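Any value given below was found using the heavy atoms of this structure, including those in side chains, with hydrogens, waters and symmetry copies removed. Computed from a prediction, not measured in an experiment: that's the story for all the values here.
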Amino acid sequence: MTRRIDIVEVGPRDGLQNDPANLTTDQKLEFIERLQACGVKRMETGAFVSPRAVPKMADSGDVFKRAARPAGTSHIALALNEKGVRRAIDSGANEINFVLVAGEGFGRRNQNMSPQQSADALAACAPLIHEAGLPLSATIAVAFGDPFSGEVDTSIVANLAAQAQRAGVNEVALGDTIGVATPWDVRDRIERVRIEAPDVYLRLHFHDTRGLALANIHAAIEASVHTIDASCGGIGGCPFAPAATGNIATEDVIYMLDRAGYETGIDLNQMIATARWLETALQHPVHSSLSRAGPFPV
Ligand code: COA
Ligand code: ZN
């Protein structure tokens, strides 16, 4: 079993898109540089969506053009239609993350698409992304439950993953957008997706809305998943999900993994310091456990 876990830092995108604060482009760039100094190699840096839908991502073009790119780092751009994909490629994204949606209700409100329409949009956009030579991943939003339509059937998630595989996606992220998953759901969905889409790498994305994100990450790792999303300070959430709360905090994940002997390449103390810096930039406290309690052993 590998002892390496890759963390995808999603603070600059999933984190900031729903925060009450309005960081300037310069502050976003400073956040990104601080994350890179912690050892972050892969991050969701911004989103190329309608600026009317998500005003906080309106400056993503500038963020991508100006973001530092130390060797071996990758800036991921989120997109969910052709216009977004073209903007992402033009802005110099290193990777595209396309958003599929597993629930009708959330799909309508978030991106005005049904689950099948989101898969069709991916199939239509994938050739553009392949032509540009960029790695393509897909996040399946509300993969564990939809705030408007309720339970999401595992077969829908597995079917979307299979369509993503056919479109040439190399990594599929199962997104618990509203924080309703349990560790047993996690194992079940991973098993089903592996049957229907055996060639894609799996990545898991948890929000800690109901306090189960670390348990869910443990379940994913026990199921041999090696890539986990997390957000510095635990900031974030989706503007289209009622009562959305933060992502699992990167420093809390690193603490758990460090203590278990996993390598992430990310420095815990520096990530805690970055979360504390973020509090001053956002002008409100962040909710991670480690930024309050500090590391152990000291
Ligand atoms: N970037 C910038 N503008 C975009 C865009 C993109 N990727 N996609 C669409 N637009 C603009 C269109 O040009 C159009 O502008 P106009 O009214 O000035 O002509 C407007 O948005 C509506 O476009 P339309 O294609 O009719 O989209 P829609 O109203 O059906 O909305 C989305 C669909 C996908 C554009 C919108 O719901 C969206 O951007 N959602 C983002 C959700 C999100 O980021 N959630 C969090 C992450 S999962
Ligand atoms: Zn999220």
Side-chain angles (χ1 to χ4, degrees), residues 10 13-14 17-18 44 46-57 60 76-88 96-126 128-129 136-169 171-181 185-186 188-190 192-193 196-197 200 202-207 209-210 229 236-245 247:
V10 301
R13 200 282 302 172
D14 207 14
Q17 75 174 6
N18 198 41
E44 273 190 3
F48 293 92
V49 299
S50 157
R52 236 179 298 152
V54 187
K56 307 218 180 200
M57 292 292 114
S60 285
I76 306 172
L78 185 129
L80 28 66
N81 61 15
E82 184 181 327
K83 185 166 185 174
V85 166
R86 290 190 187 280
R87 288 177 60 213
I96 310 281
N97 181 245
F98 203 90
V99 182
L100 299 174
V101 67
E104 295 280 346
F106 183 78
R108 212 34 79 198
R109 286 165 182 84
N110 185 62
Q111 63 215 76
N112 199 18
M113 291 176 201
S114 67
Q116 189 52 47
Q117 283 171 328
S118 73
D120 292 343
L122 169 62
C125 291
L128 274 176
I129 299 163
L136 169 59
S137 60
T139 290
I140 302 179
V142 297
F144 295 87
D146 179 314
F148 307 104
S149 312
E151 299 284 7
V152 167
D153 204 282
T154 308
S155 62
I156 292 175
V157 177
N159 175 274
L160 287 172
Q163 295 194 64
Q165 177 174 303
R166 286 201 289 279
V169 163
E171 180 188 68
V172 166
L174 304 183
D176 186 17
T177 311
I178 57 167
V180 290
D185 295 332
V186 171
D188 179 51
R189 269 158 220 246
I190 289 170
R192 283 294 295 278
V193 169
E196 305 287 334
V200 298
L202 275 179
R203 170 173 146 205
L204 272 288
H205 176 102
F206 294 111
H207 287 255
T209 319
R210 290 169 180 80
D229 286 358
C238 180
F240 303 94
T245 59
N247 292 269

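The CG atom of Asp185 sits 7.0 Å away from the CG atom of Asp188 when rounded to the nearest 0.5 Å. Here CZ of Arg13 is found 12.0 Å from CZ of Phe48. Values are rounded to the nearest 0.5 Å. Interatomic distance, Asp229 CG to Arg203 CZ, rounded to the nearest 0.5 Å: 4.0 Å. Here the CE atom belonging to Met57 is positioned 9.5 Å from the CG atom belonging to Leu78, to the nearest 0.5 angstrom. A distance of 11.0 Å separates CG in Leu100 from CG in Leu174, rounded to the nearest 0.5 Å. Leu136 CG to Leu122 CG: the interatomic distance, rounded to the nearest 0.5 Å, is 6.0 Å.
No option in Val172, Thr177, Val101 other than Val172 meets the side-chain contact (heavy atoms from CB on, under 4.5 Å) test with Ile140. Each of Cys238, Pro115, Pro147 was checked for a side-chain contact (heavy atoms from CB on, under 4.5 Å) with Val142, and the lone residue meeting it is Pro147.
In terms of heavy atoms, Arg87 sits closest to Val49 at NH1-O, 3.2 Å. When every heavy atom of Val99 is checked against every heavy atom of Gln111, the shortest pair comes out as O-NE2, 3.1 Å. Residues Ile96 and Ala79 approach most closely at CG2-CB, 4.3 Å, considering heavy atoms. Minimum interatomic distance between His207 and His205 (heavy atoms only, all atoms of both residues): NE2-NE2, 3.2 Å. Among all heavy-atom pairs drawn from Phe98 and Ser118, the shortest one is CE2-O, 3.8 Å. In terms of heavy-atom proximity, Lys56 sits nearest to Gln17 at CG-O, 3.8 Å.
Checking side-chain atoms of Asp146 against main-chain N and O of Phe106 turns up a donor-acceptor pair under 3.5 Å. Although no hydrogens or angles enter the test, the distance criterion places a donor-acceptor pair under 3.5 Å between the side chain of Ser60 and the main chain of Ala47. Of the possible donor and acceptor atoms, one in the side chain of Asp176 sits under 3.5 Å from a partner among the backbone N and O of Ala181. Judged by distance alone, the side chain of Arg210 and the main-chain N or O of Ile178 form a donor-acceptor pair under 3.5 Å. Ser149 places a side-chain N or O within donor-acceptor distance of the main-chain N or O of Gly105, the cut-off being under 3.5 Å.
A donor-acceptor contact under 3.5 angstrom links the side chains of Gln163 and Gln116, judged on distance only.
Residues Pro242 and Phe148 have side chains in contact (heavy-atom distance under 4.5 Å, counting atoms from C-beta outward). Counting heavy atoms from C-beta on, the side chains of Thr154 and Arg189 come closer than 4.5 Å. Arg192 has its side chain out of reach of Val157: every pair of non-hydrogen atoms, C-beta onward, lies at least 4.5 Å apart.
Note on ring orientation: taking the six-membered ring where Trp is involved, the planes of Phe206 and Phe144 are tilted (angle from 30° to 60°).
Looking at residues two or more places apart in sequence or on another chain, you find no salt bridge (Lys or Arg N to Asp or Glu O under 4.0 Å) involving Glu196.
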